[in-house]
Amino acid sequence: MTASDKRDILITSALPYANGSIHIGHMVEYIQTDIWTRFQRLRGHNVTWVWADDAHGTPIMMSARNNNTTPEALIAAMKREHEQDFIDFQLSFDNFHTTHSDENKQCVETIYKRLFDGGHIAVKTIEQLFDPEASMYLPDRFVTGTCPKCKTEDQYGDACESCGTTYDATELLNPKSVVSGATPVTKDSEQYFFKIDNFDTMLREWTSGDHIQPEMRNKIQEWFEGGLKDWDISRNEPYWGFEIPNAPGKYFYVWMDAPIGYMASHLNLLNGDTEALNKYWGKDSTAELVHFIGIDIARFHTLCWPAMLEGAGYRKPTAVHCHGFLMVDGAKMSKSRGTFIKARTYLDHLQPDYLRYYYAAKLNHKVENLDLNLEDFVARVNSDLVGKIVNIASRCAGFIYKNFDATLSAQLPDNTLFQESSTAAASIAEAYENREFSRAIREIIEQADKANQFIADQQPWNLIKQEDQHQQVQEICTLGINLFKNLVIYLKPVVPDIAKQTEAFLNCDEFSWSDLEQPLLNHKINKFKPMITRLESKSIDAIVEASKEDLKASNVAAAPVSGPLADDPISNQISFDDFARVDLRVATIVAADLVEGADKLLQLTLDLGGEQRNVFAGIKSAYDPSTLIGRQTVMVANLAPRKMRFGVSEGMVLAAGPGGSDLFILSPDNGAQAGMRVK
RNA sequence: GGCCAUGUAGCUCAGUUGGUUAGAGCACAGCAUUCAUAAUGCUGGAGUCGGUGGUUCAAGUCCACCCAUGGCCA
């Protein structure tokens, strides 16, 4: 590669929020970033990957308050945890910083000042909730009340957890201050707005180019049609963030300083050298600036962020790559199903290469969700990595080691296989470059299939029995080893651990892309050791189980101390289909009698509107049979009949309560008819 | 409610500008093989391409509506 071919690439991943642990959903993006980063390095480009913890905002302030700690202590502990997770997942970032840093304060203030001087900041007076007792403005999360839409009580001032509606805190019904319990009043408050509309023309042009995936352009178009409204970048104190210069009591909104955290992390890596920073961020920079993000934060990265950069006299991103969300077994990650898997829980059980490979095999350049199918995960990794790729080394190495003093032959057999393996490079590189990792993997596995076919075809295990065929065997296995070497170079961005073991096994320096062209000949190798063990489904079960344990542990803290929920916590989630299997019907009690010899049972005759059922119900302690006759109730109509000492019970009546005299059978409202289904 | 994306074999996915009989891997069945971490090779069965209607000589591919899933916004 000549100096002029060498690209300067600055890469970022989205900033994880410093208020929770990293999970395998985050890892989709970080692994995607890492594969692309490693690929570019393997090709010899000058790559820098910087990111940071997103360490500001009300949720962090609240968490610190609830845990009797300071925000500083909380984010410091979280940063250590996050960074260790990333290192252990073999992410090859150059710097992981925090948005609560001197560098970020410096960058935020610089950008804000430039925007202000450029006439891109407006000061407007808006109505905000104010706590008259604590005499302070209330952030959204410091107000609770009833959702204006679905009337669910005890919701925060930004969104309803029950119906998902987002609203202004001023719209809450019966609002209450979290701080004092007082009813807030509305009060005028000055806020600072970024006039993003000033950049309408620039943004329309910029987003119509190659910087954005085509499917994102449709989405962005919709935002333009809605009009670019002034963006409120300030928050009243108390707020956890940076104070706005010359605006006492006003703080930068977390989403203002978060993306600037990319720049600040870079500045931190450069030890504060702003000239070096400008080489990447200056208006005329020729370096590439590439962001990897999830679709949920696309709006900030495709509109707010480029506008801020433009307004402050910096360059705009080369590309903003969006990905979808992680699904596990076709559904959203679920805590109760044990599919909300923390990065650490995964690492406690498995090496990163497995998950890295599986994600790579499914990632593409589109904004699609990625489904982690746990059964498929096991099958895919075992079949591809163990059965196909590493097996090539395993089946050739023995011959070389035992019969040829661990030395590869001086020449390859007379065929074009090695040539083919090298020329696949162009297409595989193109796939990596365009982030079509699944295509890259498909093409790599095709090469592996060819290698295995070749070995099966040549049958070295038969040839070795003939003395005069020994050189042939050495050459066949040398080719096998060299095909394996190329496969590992192709896979090096994806499975760094296997690549490292292969370099040691083959006695080689660190592989680079250019090593694809030259076969190893007359070269001594080491004894083959298994590089990766087969994935067992019991490991997956253990991860799922451990993830359920995590849930239990976190539930203990939040569980109510007394009351029905404390005595009998809510069961694991079920699907609608599970529920639908239970056939509940309205029934009329036409007869109710004491059962001779039974302490707790009443014998009920239930009418389902044409069909009568005999049911034994354990409600004698709470009900006099004569008061039940003529009442309607609800029964499970498709419960398997059960033989009891006093007869067969053909269903079950629904009742609530712990027992004894505290039992309450259900009744439908007036008008229900016997036999109606409850659903 | 509006919008965006997705829906192809049991599972995970390819299917370029509409053009022969819709492909691959895994799983399954049979055969071969035993160098290899029970790994590998060959052969085979398996699909009303979410549904309905339309455009066309021709639709998995284009259009309309509907359904399901995921998401964004209100």
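A, B, ... follow the sequence lines: proteins, then strands. Residue 1 opens every chain.
Formation of a donor-acceptor pair under 3.5 Å by the A:Tyr432 side chain with backbone atoms of A:Tyr490 is found in this model.
The nearest heavy atom of RNA chain B to A:Met531 and to A:Glu375 marks one nucleotide each, and the one closer to the 5' end goes with A:Glu375. Both A:Asn373 and A:Lys332 lie near RNA chain B, and the one whose nearest nucleotide falls closer to the 5' end is A:Asn373.
Counting to the nearest Å, the C1' atom of B:A74 and the CD atom of A:Glu171 are 11 Å from each other. For the pair A:Glu446 CD and B:C13 P, the interatomic distance rounds to 19 Å; values are reported in whole Å.
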Extract from the structure each pairing of a protein N or O with an N or O of nucleotides 5-9 of chain B at less than 3.5 Å, listing the distance.
from : atom 1 : to       : atom 2 : distance (Å)
B:A5 : OP1    : A:Asn218 : ND2    : 3.0

Atom pairs, N/O to N/O, protein against nucleotides 24-28 of chain B, distance under 3.5 Å?
from  : atom 1 : to       : atom 2 : distance (Å)
B:G25 : O3'    : A:Lys388 : NZ     : 3.4

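Using C1' as the reference atom, B:U56 and B:G18 are 9 Å apart when rounded to the nearest Å.
Checking B:C35, B:U34, B:U12 against the side-chain heavy atoms of A:Tyr358 singles out B:U12 as nearest. In this structure, of B:A36, B:C13, B:G70, it is B:A36 that holds the atom nearest to the side chain of A:Asn391. With B:G71, B:U34, B:U37 as the choices, the nucleotide that has an atom nearest any side-chain atom of A:Phe325 turns out to be B:G71.
A salt bridge is absent between A:Asp296 and A:Arg299; no separation between the charged side-chain nitrogens and carboxylate oxygens falls under 4.0 Å.
Between A:Phe505 and A:Phe528, the angle of the ring planes goes over 60°, which puts this pair in the perpendicular group of the 30/60° scheme. Ring pair A:Phe199/A:Phe194 is tilted by interplanar angle, where 30° to 60° counts as tilted.
Across all strands, A:Asp457 comes closer than 4.0 Å to no nucleic acid atom at all (heavy-atom distances).
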